[in-house]
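What's counted below: heavy atoms across the whole structure, side chains too, no hydrogens, waters or symmetry copies.
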Amino acid sequence: MTLTTFSRFALGTVFSALTGLAPALASAGSAATTIRYGVTLAGLPIGTANLSINLSDGGPYQINAAAKVGGVISLISDGRGSASASGRLTPTVPIPSAYALNSIAGKKPQTVQMALASGNITAVELQPELPPRKDRVPVTTADKHGVLDPLSAMLVPVSGSGDALEPAACRRTLPVFDGATRFDVKLSYARTENVDGKGYSGPTIVCSARYVPIAGHRPDRDQTKFMVANRDIELWLAPIKGTHVLAPFKIIVGTQIGRLTLDATRFGGSGGDD
């Protein structure tokens, strides 16, 4: 069984592999941070994931990601890959300009290249392309307007000069296009939880999430129906030091074979082992 489209989002296109990512270089007035995750399924370790983020409030951002899953549970295909995204931040949303994914899962490679301007897809290349299916909802030009790539959707800017960890941070909808499918992730505030981890200890805002397919999906597939009805999806958001931007400390996605969890083993710093 491969991960569902939303599970790929939950991994931030980190649905495949940690391949030794080099952290992005920080420029003056920016924040560089590394987030490392352990990935478990039904409580069993199945891989690792890594995000390297370079950003400044209201300025440019660069995200690199890599991950590796599989091997422990035979139901999950081994996979590895890397992804990158860039753009600029506004006080409330990222505005991506480029996204790329290179992955291999179950010996099947996939690449995605996207260019964006003002939230609109201007060019996209997917290899291999999705096979034609009569029941697949077609992706229209309108579906490629006002969107985020899966990796940029990981950044949650919060406007204002007060505490970024407010329930309002969860009150948003993330319009995601991954190169093949268009879906919304609707967030709502659930609760506040304290965490104690390397690089960050303190409160996190927990958002409940709902998967809403828009286009590119097959409505009658069991996985699609399961994810639409899924109530076991959460994002635990923590602040990136020196910014008014939140990123996932923990991600939980209920799947048909158990709960998939990404839990930060390190949150912050520029990539060393300190």
Problem set entry | K144 NZ to M114 CE distance, which is reported to the nearest 0.5 Å | 10.0 Å
Exercise. Around R191, counting heavy atoms of other residues, nucleotides and ligands shown, do more than 12 lie under 6.0 Å from its CZ?
Worked result: yes
Exercise. Taking all non-hydrogen atoms of both residues, which atom of N64 and which atom of S84 are closest, and how far apart?
Worked result: OD1-CB, 3.4 Å
Problem set entry | Single-linkage hydrophobic cluster L262~V195, side-chain heavy atoms < 4.5 angstrom | yes
Exercise. For the atom pair CG (L41) and CD1 (I257), what is the distance rounded to the nearest 0.5 Å?
Worked result: 5.0 Å
Problem set entry | Inter-residue atom distance L260.CG - I251.CD1, 0.5 Å rounding | 8.5 Å
Exercise. Between N54 and T33, does a side-chain contact (heavy atoms from CB on, under 4.5 Å) hold up when you go through it step by step?
Worked result: CA-CA 7 Å; N54 182 21; T33 193; over 6 Å; no
For this session: Give a yes-or-no answer on whether the side chains of S86 and Y99 include a donor-acceptor pair shorter than 3.5 Å.
Result: no
Exercise. Do N230 side-chain atoms and G254 backbone N/O form a donor-acceptor pair below 3.5 Å?
Worked result: yes
For this session: Determine, step by step, whether T122 and L116 satisfy the side-chain contact (heavy atoms from CB on, under 4.5 Å) criterion, reporting the C-alpha distance in whole Å, the side-chain angles of both residues, the deciding distance to 0.1 Å, and the verdict.
Result: CA-CA 5 Å; T122 58; L116 306 92; 5.6 Å; no
Exercise. Do the side chain of R136 and the main chain of P131 share a donor and acceptor less than 3.5 angstrom apart?
Worked result: yes
Problem set entry | Closest heavy-atom pair and its distance - D143, V147 | O-CG1, 3.5 Å
Problem set entry | Any donor-acceptor N/O pair, R231 side chain to A229 backbone, under 3.5 Å | yes
Exercise. Should we say atom CG of D135 is surrounded by more than 12 heavy atoms from elsewhere, each under 6.0 Å from it?
Worked result: yes
Exercise. Please walk me through it: do L237 and T204 pass side-chain contact (heavy atoms from CB on, under 4.5 Å)?
Worked result: CA-CA 5 Å; L237 299 174; T204 61; 5.9 Å; no
For this session: May I ask you to decide if G268's main-chain N or O and R266's side chain share a donor-acceptor pair within less than 3.5 Å?
Result: yes
For this session: May I ask you to say whether R171 pairs ionically with E166, meaning some side-chain N is under 4.0 Å from a carboxylate O?
Result: no
Problem set entry | In one Ile/Leu/Val/Met/Phe/Trp/Tyr side-chain cluster, 4.5 Å: V228, V176 | yes
Exercise. Hey, does the side chain of T224 reach the backbone of R218 with a donor-acceptor pair shorter than 3.5 angstrom?
Worked result: yes
Problem set entry | Side chain D178, main chain A180, donor-acceptor under 3.5 Å | yes
For this session: Apply side chain to side chain donor-acceptor pair (under 3.5 Å) to S201 and D196, showing your working.
Result: CA-CA 4 Å; S201 295; D196 186 8; 2.6 Å; yes
Problem set entry | Pairwise distance CG(L246) to CG(L165) - rounded to 0.5 angstrom | 5.5 Å
For this session: Decide whether F183 and V124 are clustered together by the hydrophobic rule: side chain heavy atoms of Ile, Leu, Val, Met, Phe, Trp, Tyr closer than 4.5 Å, transitively.
Result: yes
Seminar exercise, completed: Output for pair (R133 CZ, H217 NE2), nearest 0.5 Å, gives 15.5 Å
For this session: Work out which heavy atom in A169 is nearest to a heavy atom in A164; give both atom names and the distance.
Result: CB-O, 4.0 Å
For this session: Would you check if the side chain of S152 reaches a backbone N or O of D149 as a donor-acceptor pair within less than 3.5 Å?
Result: no
For this session: Test V39 against K68 for side-chain contact (heavy atoms from CB on, under 4.5 Å), laying out the working first.
Result: CA-CA 9 Å; V39 184; K68 183 177 182 178; over 6 Å; no
Exercise. When clusters are formed by joining ILVMFWY residues with side-chain heavy atoms under 4.5 Å apart, either directly or through shared neighbours, do V93 and F177 land in the same one?
Worked result: no
Exercise. Quick check: does any side chain N or O of T261 sit under 3.5 Å from a backbone N or O of D263, one acting as donor and the other as acceptor?
Worked result: no
For this session: For R172 and T92, indicate whether the former's side chain and the latter's backbone hold a donor-acceptor pair under 3.5 Å.
Result: yes
Exercise. Do the side chain of Y61 and the main chain of A85 share a donor and acceptor less than 3.5 angstrom apart?
Worked result: no
Exercise. Do V112 and I214 sit in the same hydrophobic cluster, where Ile, Leu, Val, Met, Phe, Trp and Tyr count as joined when their side-chain heavy atoms come under 4.5 Å apart?
Worked result: no
